[in-house]
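Have a look at this one before I ask anything.
Quick note on labels: first sequence line is chain A, next is B, and so on, each numbered from 1.
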Amino acid sequence: MSDDVKKFLYLNRKAPYGTIYALEALEVVLIGAAFDQDVSLAFLDDGVFQLTRGQDTKEIGVKNFSPTFRALGDYEVTRLYVERESLEERGLSPDDLQEIMYEDEDDDWAEKPSIRIVSRAEMADIIAAQDVVLSF
Amino acid sequence: MSTLHTVNKSPFATGSLRSCLAHARSGDAVLMIEDGVYGATAGTGLSDEIAAAARGGGIGIYVLGPDMAARGLDAGRVLDGVITVDYAGFVDLAAKHDRAVAWL
C-alpha cells in the first residue's frame, strides 16, 4: 500500500430499520470502496443488530439491505469487527449473525469469514489505530 | 496517538456516553456537546459514574460551555473533574488529538 492510503473505520452503533443511519453507512462504505483506502467496519451497541440472520422486511415496506453486507468482499472490504459484549448484552451469540465470506487473494482465493468477533478492549484498540473514524 | 471523542446525546436518553467511556483509552479526551452536556451536571443518577471516569483512567472529560449556557446550566452545576471549554477550546482539543470519534 502506498503512503496515501489511510485507515478508515465505519463505526455502526444503530439498529437497522428504526433510523436511516445503518443503510446510509452501508451506502457510504460502497461508495468509499472506490477510493482504494484501507476500510473496515465496526459493529457495536445496537449496531450488532444490523448483521443478524433472517431479516425479512416484506411487511414493513422498506428494503432489506442485510444481504448487501455479503457483497462487501467484492469491494475488498473484508474486516467486519463485531463486539462480543454488545452481542451478549442483547442476548445474541455469533451464531445469530449471518455468514459473510470473502475470497483472500493472498491465499489462493480461499474463502474466509469477514466477521471478526472482538472484545470491547480490542474494539477500543481498533478505533485507536485509525486515521479516520466515520460514525453512523 | 490519542482520540477526541464527542458525545451529543443526553446520557438519560441513550447509552452513547457510557459506550464512549467504555471505549476511551488513557490519553483520550471526551467532550460533551449539544444534549450531551446534561451528562456533565452534578447530582444526577449518573454523576458518580461520570465523575469516576473523570478521576481515573487518564481520560480528560470536557463540556462545551455555550451548549450548557443555552440549556440554562450554569458553571456551578458542572461535575468535579469536568473541564468547561469554549469553541476555541473545542478547536484546541480537535487539533491536539490524532482523530475524532463522534458517539451519535
Contact origin within Tyr21(A) toward chain B - heavy atom pairs under 4.5 Å =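 Contact with chain B is through the side chain of Tyr21(A) alone.
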
ask   = When only heavy atoms count and the cut-off is under 4.5 Å, which of residues 9-40 of chain B reach chain A?
value = Gly15(B), Ser16(B), Ser19(B), Ala22(B), His23(B), Arg25(B)

ask   = Is there a chain of hydrophobic side chains (I, L, V, M, F, W, Y, each step under 4.5 Å between heavy atoms) that links Met68(B) to Phe90(B)?
value =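 In one cluster with Met68(B): Phe90(B), no.
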
key: Residue Leu9(A) versus chain B: region with a heavy atom under 4.5 Å   =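 It is neither, since no heavy atom gets under 4.5 Å.
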
inquiry  = For Ala102(B) versus Ser135(A), what's the shortest heavy-atom pair and its separation?
reply    =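 Between these two residues, the closest heavy atoms are O-OG, 2.6 Å.
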
request  = Indicate, with yes or no, if Leu4(B) and Ile59(B) share a hydrophobic cluster defined by side-chain heavy-atom contacts under 4.5 Å among Ile, Leu, Val, Met, Phe, Trp and Tyr.
outcome  = no

ask   = In terms of hydrophobic clusters joined by side-chain contacts under 4.5 Å, are Leu51(A) and Tyr102(A) together?
value = no

inquiry  = Atom CZ of residue position Phe65(A) - does it have more than 12 heavy atoms of other residues, nucleotides or ligands inside 6.0 Å?
reply    = yes

message = Using heavy-atom distances under 4.5 Å, tell me whether Asp125(A) contacts chain B through its side chain, its backbone, both, or neither.
response =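 Both backbone and side chain.
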
ask   = Contact part of Glu85(A) toward chain B, heavy-atom cut-off under 4.5 Å: side chain, backbone, both or neither?
value =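 No part of it gets close to chain B.
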
ask   = Any chance CD of Glu122(A) has more than 12 other-residue heavy atoms, nucleotides or ligands included, within less than 6.0 Å?
value = yes

key: Heavy atoms from other residues, nucleotides or ligands near CG of Asp74(B) exceed 12 (cutoff 6.0 Å)   =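 Above 12, so yes.
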
remark   = Applying salt bridge (charged side-chain N to carboxylate O under 4.0 Å, His left out) to Asp104(A) and not counting sequence neighbours gives Lys112(A)

task = Decide whether Phe43(A) and Val133(A) are clustered together by the hydrophobic rule: side chain heavy atoms of Ile, Leu, Val, Met, Phe, Trp, Tyr closer than 4.5 Å, transitively.
result = no

key: Donor-acceptor contact below 3.5 Å, side chain Arg13(A) vs main chain Leu104(B)   =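 Pair found, side chain donor or acceptor close to backbone of Leu104(B).
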
request  = Quick one: pull up OG1 in Thr3(B) and CD in Gln130(A) and give me the separation to the nearest 0.5 Å.
outcome  =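 If I round to the nearest 0.5 Å, the distance is 9.5 Å.
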
task = Is it possible for you to say whether Leu79(B) and Tyr62(B) belong to one hydrophobic cluster, with membership spreading through side-chain heavy-atom contacts below 4.5 Å?
result =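 Different hydrophobic clusters.
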
remark   = Applying a strict 4.5 Å limit to non-hydrogen atoms, the region of Ile127(A) in contact with chain B is both

